[in-house]
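None of the values given here were measured: they were computed from a predicted structure.
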Amino acid sequence: MRGRIFTSDHRVYDLPPLLSWTVTHTGTVPCDSYAVTFLYRPEMAPVLALAAGFLGTGDRGELVARGIVDDYEITMDAGGVTATITGRGAAARLLDNESRPVTYEDATLAEIVRCHVTPYGVVAREIADVRAGSTYTVAAGTSQWKALEGFCRTYGGFSPRFAVNGALLAAPEGNGGRRLAVTDTSPVLSCTWREDHYGVLTEALVIDKSRGTSHSATNPEMIAKGGQCRRVIYTPGQSTWDAMRYTGQYQIDRSREEEKVVEVTLPGSFLALPGDRVSLRLERLGLAGTFRVAEAESRFSAREGATATLTLKEG
């Protein structure tokens with residue numbers, strides 16, 4: 001991978017050859033992230049001090065990483081003097097900024113994007129045709145990301161995502177993306193399969209005390225496995241039914257995210273992206289099925305070469 005930084009005074013600077021790098025793609029929150037290390041020269045000091053953006057390209061010139069610069073550090077040791085830059089993807093712009101409290105009547109997703117996304121330099125590539133049909137309230141202290149995600153989940157039933165180039169994808173994921181097959185003949189460096197029932201909810205009971213109403217969301221699959229874990233959530237007064245339903249199902253969905261996770265490491269880099277599908281056929285583990293890529297981490301170092309670790313989840 002090659003790296004380039006953009007400074008706050010609109011200059012472009014190509015980094016020296018990278019000694020090591022890590023790029024993690026999630027497509028959502030927690031953010032995409034990156035870290036790159038290269039040989040440092042004193043004349044880089046004023047450039048690094050103003051570094052605001054990062055762009056990484058692959059061997060064929062394709063875009064593989066883009067984000068903001070969070071920090072840099074310079075290290076001197078027996079190996080010489082090196083600099084490391086780290087940062088996050090476009091979601092960071094929305095996470096780092098809070099919204100003022102506001103209430104919308106019959107808002108559309110396009111309106112939410114215009115008010116909570118566009119002002120922070122994030123371009124929307126896809127915006128689903130979603131309308132609230134009721135009051136939507138953004139409370140004080142809510143991040144711009146939560147304002148967006150809450151609307152998408154409540155009224156659209158999906159979570160917004162980001163493309164590698166930082167564009168917002170405020171639409172359902174669909175079944176597109178690349179397909180990757182991993183079998184016993186694949187050069188698998190390691191594979192871990194974990195199923196964890198701890199904390200997976202069987203019921204989320206949402207209560208609006210001011211109106212004396214409640215909504216119960218259940219998890220039939222975990223109930224069938226003998227699980228018993230309930231949470232009671234109290235919502236702000238005058239919550240809409242959609243908001244209560246979203247709150248209950250959201251709590252169950254979040255609790256299930258780590259229930260079954262497969263991590264597989266292969267030689268190479270940027271083998272897949274979040275949303276791609278991986279067909280696993282590993283007889284020695286008794287593992288078979290098609291999984292969604294939830295996170296893709298690519299690493300490179302002179303000692304270990306290039307490796308890609310894919311975090312796979314059902315769905």
Asker: List, by chain and number, the other hydrophobic cluster members for Leu310, where Ile, Leu, Val, Met, Phe, Trp and Tyr join if side-chain heavy atoms come within less than 4.5 Å, directly or indirectly.
Answerer: Leu180, Val182, Val188, Trp193, Val262, Val264, Leu266, Leu271, Val278, Leu280, Leu282, Leu285, Leu287, Phe291, Val293, Leu312

Asker: Using the rule that Ile, Leu, Val, Met, Phe, Trp and Tyr join whenever any side-chain heavy atoms are under 4.5 Å apart, tell me whether Ile5 and Leu19 fall into a single cluster.
Answerer: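 No, Ile5 and Leu19 fall in different hydrophobic clusters.
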
Asker: Are the side chain of Arg2 and the backbone N or O of Gly56 linked by a donor-acceptor pair below 3.5 Å?
Answerer: no

Asker: What are the two closest heavy atoms between Tyr104 and Cys115, and how far apart are they?
Answerer: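 Looking at all heavy atoms of both residues, the closest pair is OH-CB, 3.5 Å.
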
Asker: Are Trp21 and Leu39 connected in the hydrophobic side-chain network, where two residues link if heavy atoms are under 4.5 Å apart?
Answerer: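 Shared cluster, no.
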
Asker: Look at the aromatic rings of Tyr136 and Tyr155 and report parallel, tilted or perpendicular, splitting at 30° and 60°.
Answerer: perpendicular

Asker: Write down the atom of Ala128, the atom of Pro172, and the distance for their closest heavy-atom approach.
Answerer: CB-CD, 4.1 Å

Asker: Nearest heavy-atom pair of Ala204 and Gly248: which atoms, and what distance?
Answerer: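 Between these two residues, the closest heavy atoms are CB-O, 3.5 Å.
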
Asker: Which distance, rounded to the nearest 0.5 Å, do you find between the OG1 of Thr311 and the NE2 of His25?
Answerer: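 Result: 13.5 Å between the selected atoms.
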
Asker: Counting N and O atoms only, with roles assigned by atom type, does the side chain of Thr218 sit under 3.5 Å from a partner on the main chain of Glu203, one being a donor and the other an acceptor?
Answerer: no

Asker: Please examine the side chains of Cys229 and Tyr198, heavy atoms only from C-beta on, and report whether any two atoms are closer than 4.5 Å.
Answerer: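 Contact flag for Tyr198/Cys229 side chains = no.
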
Asker: Look at the side-chain heavy atoms of Ile, Leu, Val, Met, Phe, Trp and Tyr, link any pair under 4.5 Å apart, and say whether Phe54 and Val123 land in one connected group.
Answerer: no

Asker: Which atom names give the shortest non-hydrogen contact between Ala217 and Gln249, and what distance separates them?
Answerer: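 Here Ala217 and Gln249 meet closest at CB-N, 3.9 Å.
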
Asker: Between Ser143 and Leu95, what is the shortest heavy-atom contact and its length?
Answerer: CB-O, 3.8 Å

Asker: Tell me the salt bridge (charged side-chain N to carboxylate O under 4.0 Å, His left out) pairs involving residues 72-86, sequence neighbours left out?
Answerer: none

Asker: Below 3.5 Å, can you tabulate the donor-acceptor pairs from side chains in residues 10-17 to any protein atom, sequence neighbours excluded?
Answerer:
from	atom 1	to	atom 2	distance (Å)
Arg11	NE	Asp9	OD1	3.4
Arg11	NE	Asp9	OD2	3.3
Asp14	OD1	Arg4	NE	2.6
Asp14	OD1	Arg4	NH2	3.2

Asker: What I want to check is whether the side chains of Asp71 and Thr86 have a donor and an acceptor closer together than 3.5 Å.
Answerer: yes

Asker: Measure the spacing between CG of Leu18 and OG of Ser20 and express it to the nearest 0.5 Å.
Answerer: 8.0 Å

Asker: Surrounding CD of Glu43 (heavy atoms of other residues, nucleotides or ligands, distance under 6.0 Å), is the total greater than 12?
Answerer: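 Yes.
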
Asker: Extract all donor-acceptor atom pairs below 3.5 Å that involve side chains of residues 161-171 and protein atoms in other chains or at least two apart in sequence.
Answerer:
from	atom 1	to	atom 2	distance (Å)
Arg161	NH2	Ala171	O	3.1
Asn165	OD1	Ala167	N	3.0

Asker: With the 4.5 Å side-chain cut-off for hydrophobic clustering, are Val23 and Leu273 part of the same group?
Answerer: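 No, Val23 and Leu273 fall in different hydrophobic clusters.
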
Asker: Could you check Leu148 against Val113 for side-chain contact (heavy atoms from CB on, under 4.5 Å), going step by step and ending with a plain yes or no?
Answerer: CA-CA 7 Å; Leu148 170 68; Val113 170; 4.2 Å; yes

Asker: Test: side-chain hydrogen bond (donor to acceptor under 3.5 Å, both in side chains). Region: residues 30-39. Which pairs qualify, not counting sequence neighbours?
Answerer: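 Output for this query lists Thr26-Asp32, Thr37-Thr84.
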
Asker: Show the numbers, then the answer: is there a side-chain contact (heavy atoms from CB on, under 4.5 Å) between Phe151 and His116?
Answerer: CA-CA 11 Å; Phe151 189 92; His116 297 276; over 6 Å; no

Asker: How long is the straight-line distance from CG of Asp184 back to CZ of Arg284, given to the nearest 0.5 Å?
Answerer: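 Reported to 0.5 Å precision, the distance equals 5.5 Å.
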
Asker: Give the intermediate values and the outcome of side-chain contact (heavy atoms from CB on, under 4.5 Å) for residues Arg194 and Lys260.
Answerer: CA-CA 6 Å; Arg194 181 181 71 253; Lys260 187 172 184 179; over 6 Å; no

Asker: Determine which pairs satisfy salt bridge (charged side-chain N to carboxylate O under 4.0 Å, His left out) with at least one residue from residues 98-117, sequence neighbours left out, and list them in order.
Answerer: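 Applying salt bridge (charged side-chain N to carboxylate O under 4.0 Å, His left out) to every pair that reaches into residues 98-117, excluding sequence neighbours, yields nothing.
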
Asker: Just wondering, do Val36 and Met1 contact through their side chains at under 4.5 Å, heavy atoms?
Answerer: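 They are in side-chain contact.
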
Asker: Please answer: with hydrophobic residues joined when any side-chain heavy atoms are less than 4.5 Å apart, are Leu63 and Ile68 in the same cluster?
Answerer: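 Not linked; separate clusters.
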
Asker: Answer yes or no: are there more than 12 heavy-atom neighbours, outside Glu62 itself, under 6.0 Å from its atom CD?
Answerer: yes

Asker: Is the backbone of Leu201 close enough, under 3.5 Å, to the side chain of Asn219 for a donor and an acceptor to pair up by distance?
Answerer: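 Here the side-chain-to-backbone pair exists.
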
Asker: Is it true that a side-chain atom of Ser8 and a backbone atom of Ala52 form a donor plus acceptor pair closer than 3.5 Å?
Answerer: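 Checking the backbone N and O of Ala52 against the side chain of Ser8, no donor-acceptor pair under 3.5 Å is found.
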
Asker: Using modelled atom types only, decide if a donor and an acceptor are shared between the side chain of His215 and the backbone of Asp208 within a distance under 3.5 Å.
Answerer: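 Flag not set: sc His215 to bb Asp208 has no pair under 3.5 Å.
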
Asker: If every non-hydrogen atom of Leu48 is compared with every non-hydrogen atom of Ala83, which pair is closest and at what distance?
Answerer: CD1-CB, 4.3 Å

Asker: Enter the distance from Glu314:CD to Glu221:CD here, rounded to the nearest 0.5 Å.
Answerer: 8.0 Å

Asker: When rounded to the nearest 0.5 angstrom, what is the spacing between SG in Cys152 and CD1 in Ile112?
Answerer: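 So the SG of Cys152 and the CD1 of Ile112 are separated by 9.0 Å.
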
Asker: Give, for atom CZ of Arg93 and atom CD of Gln144, the distance between the pair rounded to the nearest 0.5 Å.
Answerer: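 Taking CZ in Arg93 and CD in Gln144, the distance rounds to 13.5 Å.
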
Asker: Answer yes or no: is there a donor N or O on one side and an acceptor on the other, between the side chain of Arg179 and the main chain of Gly177, under 3.5 Å?
Answerer: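 Not confirmed, Arg179 side chain does not pair with Gly177 backbone.
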
Asker: Output, in order, the C-alpha distance, side-chain angles, deciding distance and verdict of side-chain contact (heavy atoms from CB on, under 4.5 Å) for Ile85 and Phe38.
Answerer: CA-CA 9 Å; Ile85 297 175; Phe38 49 90; 3.9 Å; yes

Asker: Heavy-atom count check: over 12 atoms from other residues, nucleotides or ligands less than 6.0 Å from Arg299 CZ?
Answerer: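 Not more than 12 within 6.0 Å, no.
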
